[in-house]
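Every number for a ligand or one of its atoms is a count from 1 in the order of the listing.
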Amino acid sequence: MSERIYIFDTTLRDGEQVPGCQLTTEEKVTVAKELELLGVDIIEAGFPVSSPGDFRSVVEISKAVTNPTVCALSRAVIGDIDAAGEALKLAKRGRIHTGIGASDIHIRNKFNSTRDAILEQAVRAVKHARTYVEDVEFYAEDAGRADLDFLCRLTEAVIAAGATVVNIPDTTGYCLPDQYGAKINYIYNNVPNVDKATISIHCHNDLGLATANSLAGIMNGARQIECTINGIGERAGNTSLEEVVMAMKVHRELGFETGVDTKRLYPVSQLVSGMMRMPVQANKAIVGRNAFAHSSGIHQDGHLKNSETYEIMNPTDVGVDKSSIILTARSGRHALKHRLELLGYRYDKPTLDGLYKQFLDMADVRKEVNDKDLMELVR
Ligand code: KIV
Ligand code: ZN
């Protein structure tokens, strides 16, 4: 039996913090409805105290979706929690996500405070949030660089105060996968009441390790992953939803499953990219333009013989129609013959050899040879 991993989507909160990616309330509601169809478990809809627009977005998303839990962010500050609680009033299932810096760097520099005072503030915040909702998530900001024993003390205290989920964020994307995995493992082995809450992971991608760290987190006991569509988010972004979900699906032997309908991944990626005016890099795993495109002759030949030679997943599983063969000067005869046949042209070997020579001359100049170019070649 597979273990269920909860997908917490923060595209509309951490993702929307990206400069230039801000959405209107109406656009956020559209994205939230698509996330619901995608099958995410929790939608972090915004940070209500931050602006009237964000408050309204959380209210409207609470009204618009039924199945996912709607989550609102707050600092461990009474006024923030009140705004989050108010904004979530109409949610079928509402969650307040409150928290505070947990590393000494944050405690000293941001708060000019002490570990004990931070712990007290965290407990007060969780108790206050519980007066609004039964589902309270606590985030220990910069947990990736926090003292491990303090992190355990903090986790134990917030669970005792009523937190249902404890988020251990690698806020600065600092950890290596084995370090992050060991951190989660240590928490599981050293927090006496850990079984009373879900441990969540929230990784940033500053070293390009967010997906690897998230997988290390669930392999060590965490059961919720916080992630965004296309991996957007502060600085180098967050864990990419499509990457962690497909990693779990491709590697069934890990024994994890999610509620995500993977065939919707590509359409949702396109929607978010278009609305946020944030292009997806061509070589982005799963949803990039080249994720299922083959361009070198050796790869094309193998792929045309059997797609499994160069593909570990079926493009239709992520909502991409089909793989593509891109004709460039690195392509071989097999790919040219295949594309010509798709256009309805069949040639004997000597003719094809002649065409191939002309094709290479054309490809050296035009970089990529499309169907229109091929028709020209044939004529
Ligand atoms: O990266 C982070 O620590 C966050 C928290 C607010 C959860 O985004
Ligand atoms: Zn974050």
Side-chain angles (χ1 to χ4, degrees), residues 6-19 21 40-51 54 58 69-77 80-81 83-84 87 95-107 109-111 118 121-122 125-126 129 135-147 150-151 154-155 158 163-175 180 183-184 187 197-211 213-214 217 222 224-241 243-244 276:
Y6 294 94
I7 298 295
F8 175 115
D9 181 279
T10 182
T11 306
L12 297 175
R13 199 278 297 169
D14 217 325
E16 210 242 0
Q17 286 172 209
V18 174
C21 284
V40 307
D41 300 289
I42 302 106
I43 295 175
E44 189 163 47
F47 182 15
V49 85
S50 67
S51 76
D54 233 34
V58 175
T69 294
V70 178
C71 180
L73 185 76
S74 76
R75 292 166 297 180
V77 169
D80 281 31
I81 297 167
R95 176 185 295 180
I96 295 179
H97 189 191
T98 189
I100 194 161
S103 67
D104 289 332
I105 303 175
H106 279 229
I107 294 172
N109 299 309
K110 240 172 81 174
F111 303 109
I118 290 290
Q121 192 176 336
V126 170
D135 190 5
V136 172
E137 173 168 342
F138 176 80
Y139 65 86
E141 197 181 7
D142 201 22
R145 292 186 297 171
D147 175 82
F150 175 62
L151 198 54
L154 186 60
T155 303
V158 294
T164 45
V165 182
V166 182
N167 178 8
I168 308 295
D170 184 20
T171 304
T172 54
Y174 169 75
C175 293
Y180 191 67
K183 203 174 264 283
I184 302 296
I187 290 170
T198 301
I199 297 296
S200 179
I201 51 202
H202 176 117
C203 297
H204 279 268
N205 206 28
D206 300 66
L207 291 174
L209 293 170
T211 296
N213 284 347
S214 298
Q224 176 179 287
I225 299 181
E226 308 195 2
C227 46
T228 60
I229 301 292
N230 300 333
I232 56 169
E234 281 277 350
R235 307 182 309 282
N238 288 64
T239 300
S240 147
L241 183 150
E243 290 175 17
V244 280
M276 292 195 166

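- For ligand 1, none of its N or O atoms has an N or O atom of E226 under 3.5 Å away.
- Of the protein's non-hydrogen atoms, R13 NH2, 3.6 Å is the one closest to atom 6 (C) of ligand 1.
- The side chain of H204, and not its backbone, has at least one atom closer than 4.0 Å to an atom of ligand 1 (non-hydrogen atoms only; side chain from C-beta on).
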ring-ring contact (aromatic ring centres under 6.0 Å, His included) between H97 and Y139, worked out: CA-CA 7 Å; H97 189 191; Y139 65 86; 5.1 Å; yes
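- Between V126 and V158, the shortest heavy-atom contact is CG1-O, 3.9 Å.
- Close approach to P169 involves these atoms of ligand 1, each under 4.0 Å from a residue heavy atom: 3 (O).
- The two residues S214 and I201 have their closest heavy-atom pair at O-CD1, 3.2 Å.
- Looking only at atom types and distance, the side chain of D142 has a donor-acceptor partner in the side chain of S103 under 3.5 Å away.
- Ligand 1 has no nitrogen or oxygen under 3.5 angstrom from a nitrogen or oxygen of D142.
- The closest side-chain heavy-atom distance from V18 to E234 is not below 4.5 Å.
- Contacts with ligand 1 closer than 4.0 Å are made by side-chain heavy atoms of N167 only, the backbone lying farther away.
- Annotation: atom 4 (C) of ligand 1 to nearest protein heavy atom, H202 NE2, 3.5 Å.
- Inspection of the E16 and T11 side chains reveals no N or O donor paired with an N or O acceptor under 3.5 Å.
- Side-chain atoms of H204 and N213 include no donor-acceptor pair closer than 3.5 Å.
- Of the N and O atoms on the side chains of T228 and T10, not one donor lies less than 3.5 Å from an acceptor on the other residue.
- Contact atoms of ligand 1 toward E141: 3 (O) (distance under 4.0 Å to a heavy atom of the residue).
- A salt bridge is defined here as a Lys NZ or Arg NE, NH1 or NH2 lying under 4.0 Å from an Asp or Glu carboxylate O, and E44 with R95 fails to meet this definition.
- Protein heavy atom at the shortest distance from atom 3 (O) of ligand 1 is T171 OG1, 2.7 Å.
- Between A140 and L154, the shortest heavy-atom distance links the atoms CB-CD2, 4.0 Å.
- With a 4.0 Å heavy-atom cut-off, ligand 1 is reached by no atom of R235.
- Side-chain contact annotation: E226 with N167, donor-acceptor N/O pair under 3.5 Å present.
- Excluding waters, the protein N/O/S atoms found under 2.8 Å from the Zn ion (ligand 2) are D14 OD2, H202 NE2, H204 NE2.
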